[in-house]
2 protein chains.
Amino acid sequence: MTTIRTPARDKLLSAASRLFYDHGISATGIDAIIAEAGVAKMSLYNNFSSKDELVSTYIQARHEEWLQLYAIRLERCETPVDRILAVFDAYIDHAEFAYDHGFRGCGLLNAAAELPAGAPGRATMARHKAQVEGILRDELVQLTSPDCADVTAEHLSFLLEGAMSRAGLEGQPDRLHHARSLAESLVKTL
Amino acid sequence: MTTIRTPARDKLLSAASRLFYDHGISATGIDAIIAEAGVAKMSLYNNFSSKDELVSTYIQARHEEWLQLYAIRLERCETPVDRILAVFDAYIDHAEFAYDHGFRGCGLLNAAAELPAGAPGRATMARHKAQVEGILRDELVQLTSPDCADVTAEHLSFLLEGAMSRAGLEGQPDRLHHARSLAESLVKTL
DNA sequence: CACTATGTAGACCGATCTGTCTATCTCGGG
DNA sequence: CCCGAGATAGACAGATCGGTCTACATAGTG
């Protein structure tokens, strides 16, 4: 089976990713997506049942995209401190990747901002951020007590998300580098 | 001149504030705003030239709203440490005020998430966050060296914004209280 | 070759969007 | 008392939205 599979779905998802990130979700219409993807409208509805499903897929893809970015950084790590700072590096990678065509901060957080209070999508984002905090805590317990690891993991998460927000507003990743050095000195005193 | 002024504008602005915060900006239509305000459509266009101008006014109002919240907290402060923690308290006040009808994090950040990369509105938000950081720095210089004040003000800003993001995703203000205690122990070691 | 998967172009639908306009009403001040 | 400012309800316009449908093209597999 040498099937090349369907490229239309991939073209749609990557086009939607660009547009959703750059302009926001509800500001991005179906017609803009299929034009960017260079694909017929029916190809969208053959691969996704609705725009909502495309949005959900986009959110899921962004989540896995970050995990991938982190996995790459992880390969070159040896110590727990390395692996903690690799989380910050992965955020920086994401920022610098988006920098050319308009850095706007965390795509997941921006997407969440367009969802009403009870929406299931918001819980997905909360879980993603909790997972990042969990990664930090898992490394920190190798360096200190469980209680201190909990507190410090949350502290580092605040540094990450806070710096990402500020960096997104300013359109440049400097703040994330500052957060990384704050994290470094914070972790090295444990 | 005992003119009561125009109440329609105020009704519109407060209705728009609620809806913009709860459901997002582009998800909130003109018709929903005038229905919530209990006002005719022409009253909107007599007071605002377009939805965009209403949005700008909303953003400006949210900014001043926070300054007001902070000013109230400030009255009961005596030391620089008090005034630093009052910033966190003002954030908590905002969170708990919104908690009943669906807390969704910082209204300004959520609004920024719907604006494209170069939009002037995003610069307004960046300035607001820089102003908060400036308030923190102005208090910190009374406690430590200017260089250390710079670094610590940024650190505290990250704690604020990071905790606000996490709290917004989770729909409850716990994270902000955690950020406040982190800030407290951070500042007390200066 | 013929079959089937998938993709294409574009007309089309009903709903909703922002914004305009008109005609009427209400009410405080001179 | 009367006038004018501001508010009202609602029809209306033009654009855009998400989504459906049809008819046709293409390409890999038996």
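A, B, ... follow the sequence lines: proteins, then strands. Residue 1 opens every chain. Bear in mind that the values here come from a model prediction, so they are computed numbers and not experimental data.
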Would you classify D:dA11 as syn or anti? Syn applies when the glycosidic angle is within 90° of 0. anti

Applying side-chain contact (heavy atoms from CB on, under 4.5 Å), can you list everything that pairs with B:K41, at least two apart in sequence or on another chain? B:I30, B:D31, B:I34, B:Y45

Can you check the A:N47 CG to C:dA5 C1' distance for me, whole Å? 12 Å

Whole-Å distance separating the CG atom of A:L44 from the C1' atom of D:dC21: 15 Å

Value in whole Å for how far the P atom of C:dG19 lies from NZ of B:K51: 8 Å

Please list, chain by chain and in numerical order, all residues satisfying ring-ring contact (aromatic ring centres under 6.0 Å, His included) with A:Y21, sequence neighbours excluded. none

Can you check whether B:R104's main-chain N or O pairs, donor with acceptor, with B:N110's side chain at less than 3.5 Å? yes

With sequence neighbours left out, what residues match B:H63 under ring-ring contact (aromatic ring centres under 6.0 Å, His included)? B:H128

For a quick test of your reading: what N or O donor-acceptor pairs under 3.5 Å do the side chains of residues 140-149 of chain A make, sequence neighbours left out?
residue	atom	partner	partner atom	Å
A:Q142	NE2	A:D138	O	3.2
A:Q142	NE2	A:E139	OE1	3.3
A:S145	OG	A:C148	N	3.1

Donor-acceptor pairs under 3.5 Å, side chain of residues 180-188 of chain A to any protein atom, not counting sequence neighbours: which ones?
residue	atom	partner	partner atom	Å
A:R180	NH1	A:D89	OD1	2.9
A:R180	NH1	A:D89	OD2	2.8
A:S181	OG	A:H177	O	3.1
A:S181	OG	A:H178	O	3.2
A:E184	OE2	A:K188	NZ	3.2
A:S185	OG	A:S181	O	3.2
A:S185	OG	A:L182	O	3.1

Contacts of B:A37 meeting side-chain contact (heavy atoms from CB on, under 4.5 Å) (sequence neighbours excluded), chain-then-number -> B:K11, B:L12, B:A15, B:V39

Value in whole Å for how far the C1' atom of C:dG19 lies from CD of B:E53: 14 Å

Residues in residues 22-36 of chain A with a heavy atom under 4.0 Å of DNA chain C, by number, are none

Per-nucleotide protein contact string for nucleotides 8-14 of chain C, where B marks a base within reach and S marks sugar-phosphate only (heavy atoms under 4.0 Å, - for neither): BBB----

Hey, could you give me each pair passing salt bridge (charged side-chain N to carboxylate O under 4.0 Å, His left out) that has a residue in residues 106-132 of chain A? Not counting sequence neighbours. A:K129-A:E161

